[in-house]
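Below is one structure, written out as structure tokens, with a few remarks after it.
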Amino acid sequence: MDAYQGTGGGADRMPLIKYSAMDGSFRTSDRINEGGEWRSVDEEIQLPTQFAMDFANVEIGWIKYNPKPDFIMVKSGQPRPERPDELDAEGKPAYKWGFRIQLGNSRVGLRELSTSSKNVYDAMLALFKAWEAGKAANPGMMPVVEVTGTTRTEAGWRVPNWQIGKWVPTPDFMSGAPTQPAPAAAAPAATPAPAAAPQPPAATGTDLF
């Protein structure tokens, strides 16, 4: 994953997690069909929380979100793609450098997170480097990233406070398998789990992995 070199900060079928650098919120986003009309339904994810992240397949490249999402991406380590010449309404490059990664937990299932925010990219780069440093000692395992909150930058943007908290065998939901079996496996802890949810990340994570 390269250092950020962008210009600042076909819709995918996979369900999304959106992060807002304006208010520091994580939200699930799902498309539903009502009477033949498709619309997006977003729901905020309460922090702290945890996600398994597939750093082995993270993509980097050029992203344009308006009028519809378009991605020109490569896996980390591959040659940098060329940026299209297209300009936006303000005469600035329409495509900005960013990342796309698959992540999830037993509550939200497998989802995709992408952004062209420089601040969030830099925060993700730090996570990526931590994954690179730890993967040899955790063969066949996937990192669980603990998200404890957000920090405001001097410019007023918010970036996630996150770190790799542990490594686990690749969860079934990361392959797109149904997520229903995960809560069942955690059934003995089901009673205390709701009370633990608002607590520090370790307690929350017990309910997710």
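This structure is a prediction, so every number in the text was calculated from the model and none was measured.
- Both F26 and M53 are members of a single hydrophobic cluster when ILVMFWY side chains are connected at heavy-atom separations under 4.5 Å.
- Taking all atoms of both residues into account, the shortest heavy-atom contact from P67 to K64 is CD-NZ, 4.4 Å.
- For the atom pair T49 OG1 and E146 CD, the distance stands at 10.0 Å (nearest 0.5 Å).
- Using cut-offs of 30° and 60° on the angle between ring planes, the pair F71 and Y65 is perpendicular.
- Side-chain contact between D54 and E112: absent, with no pair of heavy atoms (C-beta onward) separated by less than 4.5 Å.
- One finds the CE atom of M142 at 9.5 Å from the CZ atom of F55 (value rounded to the nearest 0.5 Å).
- By the neighbour-count criterion of 12 heavy atoms within 6.0 Å, atom CD of E43 is sparsely surrounded, having that number or fewer from other residues, nucleotides or ligands.
- Across all non-hydrogen atoms, the minimal contact from S116 to K96 is CB-CB, 3.7 Å.
- If you chain together hydrophobic residues whose side chains sit under 4.5 Å apart, M124 and L103 fall into the same group.
- Panel note: side chain S114, backbone R100; no donor-acceptor pair is recorded below 3.5 Å.
- In this structure, the side chains of T115 and F99 come closer than 4.5 Å at one or more pairs of heavy atoms.
- Defined by atom type and a distance below 3.5 Å, a donor-acceptor pair is missing between the side-chain atoms of N119 and S117.
- Residue N57 holds its CG atom at 4.0 Å from NZ of K75, rounded to the nearest 0.5 Å.
- The CZ atom of F51 lies 8.5 Å from the CG atom of L208; values are rounded to the nearest 0.5 Å.
- Surrounding CG of N33 are more than 12 heavy atoms belonging to other residues, nucleotides or ligands, all under 6.0 Å away.
- For I17 against I45, the heavy-atom pair with the smallest separation is CD1-CD1, 4.1 Å.
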Could you go through I60 and Y121, starting from their C-alpha distance and side-chain angles, then the distance that decides it, and tell me whether this counts as side chain to side chain contact (heavy atoms under 4.5 Å, CB included)?
CA-CA 10 Å; I60 53 177; Y121 183 99; 4.0 Å; yes
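- Remark: E86 CD to D70 CG distance equals 8.0 Å, nearest 0.5 Å.
- In the hydrophobic cluster analysis, where Ile, Leu, Val, Met, Phe, Trp and Tyr join through side-chain heavy atoms closer than 4.5 angstrom, V159 is grouped apart from L125.
- Counting only heavy atoms from C-beta outward, the side chains of W62 and E82 never approach each other to under 4.5 Å.
- Connection of I72 to L113 is established within a shared hydrophobic cluster, with ILVMFWY side chains joined at heavy-atom distances below 4.5 Å, either directly or through further cluster members.
- The heavy-atom pair separating A123 from W162 by the smallest distance is O-NE1, 3.3 Å.
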Going through the distances and angles, do R31 and L16 end up as a side chain to side chain contact (heavy atoms under 4.5 Å, CB included)?
CA-CA 9 Å; R31 297 279 289 171; L16 303 178; over 6 Å; no
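- Once rounded to the nearest 0.5 Å, the distance linking CG of L47 with OG1 of T150 reads 7.5 Å.
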Apply the test side chain to side chain contact (heavy atoms under 4.5 Å, CB included) to residues M73 and I63: give CA-CA distance (whole Å), side-chain angles for both, the deciding distance (0.1 Å), then the verdict.
CA-CA 8 Å; M73 315 293 285; I63 304 174; 3.9 Å; yes
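- Across all non-hydrogen atoms, the minimal contact from G104 to V108 is CA-CG2, 4.2 Å.
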Does the side chain to side chain contact (heavy atoms under 4.5 Å, CB included) test come out yes or no for R39 and I32, once each step is laid out?
CA-CA 6 Å; R39 67 183 183 91; I32 64 171; 3.6 Å; yes
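- Checking side-chain atoms of W167 against main-chain N and O of A137 turns up no donor-acceptor pair under 3.5 Å.
- Taking every heavy atom of both residues into account, R111 and S29 meet most closely at NH1-O, 3.4 Å.
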